[in-house]
Amino acid sequence: MADIELLLDLHKNAARQGPGGEAETRLAIAMSGLSGRRHLKIADIGCGTGASAITLAKSLHADIAVVDFLPGFLKELERRAKAEGVSGQITTLAASMDALTFEPSSLDAIWSEGAIYNIGFGRGIRSWRQFLKPGGVLAVSELTWLSKERPAELEDHWSREYPEVDTASAKMALLEAHGYTPLGYLPLPVTCWLDNYYRPMQARFEAFLAKHDGSAAARALIAAEQSEIDLYERFSAFVSYGYYVARKLPD
Ligand code: SAH
């Protein structure tokens with residue numbers, strides 16, 4: 001089985017594919033100022049199985065285009081949206097986040113939890129901006145240093161894996177440099193990583209390994225996930241996802 005198929009198999013029955021939480025999505029919605037408005041058009045990019053999209057659909061009067069390059073996640077999202085009674089608000093789009101084809105200035109908001117790193121924060125905020133209406137909202141979560149100084153081991157790891165990791169003030173400066181004004185910042189609490197993401201993932205490890213009996217690739221995937229979990233547990237005081245909510249400024 002190809003690595004991407006294995007990844008899909010490990011993650012597709014999960015409520016989420018990255019750290020986050022319903023309460024935190026709702027806080028970001030509150031910061032966005034979109035509540036109470038009607039006929040909103042929103043894109044949720046790198047939506048996975050729909051953790052944020054379903055909360056958005058329930059909270060806002062909005063049509064939501066959910067984008068992911070793995071159709072297996074979109075299929076599961078469709079099933080969930082139906083079960084939650086919000087499928088009428090959701091349109092699925094199997095596409096890559098670096099080749100989006102929304103009309104220019106057509107979206108009231110772009111949402112993206114735990115996914116913009118796939119093309120990098122800088123590239124993402126620059127290339128997605130054109131799709132927002134003037135005054136449209138960008139809400140993304142992104143790997144963030146919680147302090148100015150970090151243990152070297154942690155710094156080495158994330159600088160290698162994701163060189164754009166930075167402090168919240170640096171991320172906000174980047175938003176300002178690229179035509180946005182920050183509306184809010186929220187560092188995700190430990191529960192978003194452990195209770196909502198890592199513990200449920202660990203609970204799937206045994207069945208996953210049994211299913212892919214003897215596969216070196218399956219074992220390697222679990223080992224990589226576990227070592228990321230170990231690192232997070234040791235250094236959770238220094239790193240998290242930051243949720244950034246920003247408004248597009250006029251050109
Ligand atoms: N937002 C979801 C999923 C986060 S995991 C949640 O918080 O639960 C990151 C997601 O980005 C995965 O669903 C993955 O399939 C998707 N992804 C990764 N690279 C992508 C790309 N280039 N284009 C579109 N989606 C991508």
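For ligands, and for the atoms within them, numbers begin at 1 and follow the listed sequence.
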J.: So which heavy atom in the protein is nearest atom 9 (C) of ligand 1, and how far is it from that ligand atom?
T.: Gly114 O, 3.5 Å
J.: Which protein heavy atom lies closest to atom 17 (N) of ligand 1, and at what distance to 0.1 Å?
T.: Phe69 CE2, 3.4 Å
J.: Please identify which atoms of ligand 1 are closer than 4.0 Å to at least one heavy atom of Leu70.
T.: 15 (O)
J.: Below 4.0 Å from ligand 1: does a non-hydrogen atom of Ala95 turn up there or not?
T.: yes
J.: Can Asp98 be said to touch ligand 1, with heavy atoms closer than 4.0 Å?
T.: no
J.: Identify, by atom number and element, the atoms of ligand 1 in contact range of Phe73, meaning under 4.0 Å from any of its heavy atoms.
T.: 12 (C), 13 (O), 15 (O)
J.: Among all protein non-hydrogen atoms, which one is nearest to atom 3 (C) of ligand 1, and what is the separation to 0.1 Å?
T.: Gly46 O, 3.4 Å
J.: What's the shortest distance from atom 6 (C) of ligand 1 to any protein heavy atom, and which residue and atom give it?
T.: Gln17 N, 3.8 Å
J.: Tell me, which protein residue and heavy-atom name are nearest atom 23 (N) of ligand 1, and how many Å apart are they?
T.: Met97 N, 2.8 Å
J.: Side chain of Ser59, backbone of Thr55: donor and acceptor closer than 3.5 Å?
T.: yes
J.: Give the numbers and elements of all ligand 1 atoms closer than 4.0 Å to a heavy atom of Asn118.
T.: 11 (O), 17 (N), 18 (C), 19 (N)
J.: Is a donor on one side and an acceptor on the other found under 3.5 Å between the side chain of Ser169 and the backbone of Thr167?
T.: no
J.: Just to check, does Ser96 reach to within less than 4.0 Å of ligand 1 when the distance is taken from its heavy atoms?
T.: yes
J.: Please list, in number order, the atoms of ligand 1 under 4.0 Å from a heavy atom of Ala115.
T.: 9 (C), 11 (O)
J.: Among all protein heavy atoms, pick the one closest to atom 13 (O) of ligand 1 and tell me residue, atom and distance.
T.: Asp68 OD2, 2.6 Å
J.: How are the rings of Trp193 and Tyr232 set to each other: parallel, tilted or perpendicular (split at 30° and 60°)?
T.: parallel
J.: Among all the protein's non-hydrogen atoms, which is closest to atom 7 (O) of ligand 1, and how far away is it?
T.: Glu113 O, 3.4 Å
J.: Is the contact between Cys47 and ligand 1 made by the side chain, the backbone, both, or neither, using heavy atoms and a 4.0 Å cut-off?
T.: backbone
J.: Find all atoms of ligand 1 within a distance of less than 4.0 Å from any non-hydrogen atom belonging to Gly18, and give their numbers and elements.
T.: 8 (O)
